[in-house]
Each structure stands twice: as C-alpha cells, then as structure tokens.
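Input: a single structure, listed below in structure tokens.
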Amino acid sequence: MERTKATPSSYLILLDGEKILLIRRANTGYQDGNYNLPAGHLEEGELPAACIIREAKEEIGITLKAEDVSFAHALYQEKSNGSGNRVDYFFSATRYEGEARNAEPEKCDDIGWYRPDEFPENMTPHVRHAIKCYLAGVPFSELPHSYFADNPLYEAT
C-alpha cells in the first residue's frame, strides 16, 4: 500500500490585542478575492517555523524572531483539489519588528486588522476554521474532502 503524501504550509496568526491581521489574495490562482492569513509552502529543507518567519517578511514586511513565534494549531486537510493532502501549521505572534504592510501587491490587494467576530464573509474557510480552533485552545483538527466539496468558496479553486 502506498503511503499518503501531504504538502506542508505555514500560516501566521499575527495578533494586535483582540485583532488578527488578514490579507486578501489576488492574482494567485487560489482563493483569489478571499481573506487569508500570511502563509506559504515550506521550501526544500525548511522547517515550519522558519517558513512563517520568511513568509512574514516576504508578504507583510515584518521581521519575526524565532522566540516570538508560538505554535498555535495544526490542520490536516484531505485532498480537495490538485494539490493533494495538506498539513498546515499555524503559528501566532504578538511581537515583531517593522510595520505590517502589503509587501506583495501583485499577490494581495487588501490588508487589515479584524476582530474574529468581524471577519469578512469572504474568508478562506479552512483558515477561519483553524483560527476558531486556536482561539478555543484546540491544538489539532482534521478536515475531510466533504468539507471542501460542501463549501461554495472552494468551487472556483
């Protein structure tokens, strides 16, 4: 029997008091027009925490130190599109250097701070799920294929 393979990604829950930084994807071919967290795929030889430190610099122009990044949640997603199964690592941070800004305007067309009860409707559903788990203190969750098939925000992906 062949073992499953999963694509790893890291996400950043950047906190300012009760608010979380969200970015709206644009021109990427995946979830464009929907709000998400700063995130990215791990590069060869890269560890999950190092990935989110790199992505934070690339996407929102801030510098994170390893000691300021905390594990928040892990999410396993069953295959829902051509990318296959996914393992997503969510990290939180409250301390960083610089000012969060849209450092990749070719991939993001909006950035802002939102309280969880004010999140935009057009938010990537698995990210909303993971943040809800994080806020509830749930360290791990799984989403089956049916979660994506039943969610209209995934129809165009």
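Residue numbers run from 1 in the order of the sequence given. Since the structure is predicted, the reported quantities are computational estimates derived from the model, not experimental observations. What's counted below: heavy atoms across the whole structure, side chains too, no hydrogens, waters or symmetry copies.
- For Phe91, the ring-ring contact (aromatic ring centres under 6.0 Å, His included) criterion is met by no residue, not counting sequence neighbours.
- Residues that satisfy the side chain to side chain contact (heavy atoms under 4.5 Å, CB included) test with Ala50, not counting sequence neighbours, are Glu46.
- In terms of the side-chain hydrogen bond (donor to acceptor under 3.5 Å, both in side chains) criterion, residue partners of Asp32 (sequence neighbours excluded) are, by chain and number, Thr28.
- More than 12 heavy atoms of other residues, nucleotides or ligands lie within 6.0 Å of CD in Glu106, so this atom counts as buried by the packing criterion.
- Electrostatic pairing of Glu59 and Lys107 does not count as a salt bridge here, judged by no charged N lying under 4.0 Å from a carboxylate O.
- By the salt bridge (charged side-chain N to carboxylate O under 4.0 Å, His left out) test, Arg115 is found to be paired with Asp117, residues two or more places apart in sequence or in another chain being considered.
- Looking only at side-chain heavy atoms (C-beta outward), Glu142 and Leu75 stay at 4.5 Å or farther from each other.
- A distance-only check finds a donor-acceptor pair linking the side chain of Arg25 to the backbone of Tyr30 [under 3.5 Å].
- In this structure the side chain of Ile23 never reaches within 4.5 angstrom of the side chain of Leu37, judged on heavy atoms.
- With contacts defined as side-chain heavy-atom distances shorter than 4.5 Å, the pair Glu55/His41 does not qualify.
- Side chains of Trp113 and Leu22 form no contact here, defined as non-hydrogen atoms less than 4.5 Å apart.
- Residues passing the side chain to side chain contact (heavy atoms under 4.5 Å, CB included) test with Leu64, sequence neighbours excluded: Leu12, Ile53, Ala56, Ile62, Val69, Ala93, Tyr96.
- A side-chain donor-acceptor contact under 3.5 Å links Asn102 to the backbone of Cys108.
- Inter-residue side-chain proximity for Arg86 and Ser9 is flagged as met; some heavy-atom pair is nearer than 4.5 Å.
- Applying the side-chain hydrogen bond (donor to acceptor under 3.5 Å, both in side chains) test to pairs two or more places apart or on separate chains, those with a residue in residues 67-76 are Asp68-Arg95, His73-Ser141, Tyr76-Asn85.
- Listed by chain and residue number, Arg54 satisfy the side-chain hydrogen bond (donor to acceptor under 3.5 Å, both in side chains) test with Glu58 (two or more places apart in sequence, or in another chain).
- In terms of the side-chain hydrogen bond (donor to acceptor under 3.5 Å, both in side chains) criterion, residue partners of Glu2 (sequence neighbours excluded) are, by chain and number, Lys5.
- The minimum heavy-atom distance linking Ser10 with Pro48 is given by the pair OG-O, 2.8 Å.
- The salt bridge (Lys or Arg N to Asp or Glu O under 4.0 Å) analysis of residues 10-21, with sequence neighbours excluded, yields no pairs.
- A 4.5 Å side-chain heavy-atom check between Phe119 and Lys132 finds every atom pair outside the cut-off.
- Taking Leu15 as the reference, Ile13, Ile20, Ser92, Thr94, Tyr134 meet the side chain to side chain contact (heavy atoms under 4.5 Å, CB included) condition, with sequence neighbours excluded.
- Closest approach of Ala100 and Leu21 over heavy atoms only: CB-CD2, 4.1 Å.
- Every side-chain hydrogen bond (donor to acceptor under 3.5 Å, both in side chains) that Tyr35 has, sequence neighbours left out, goes to Arg24, Asp110.
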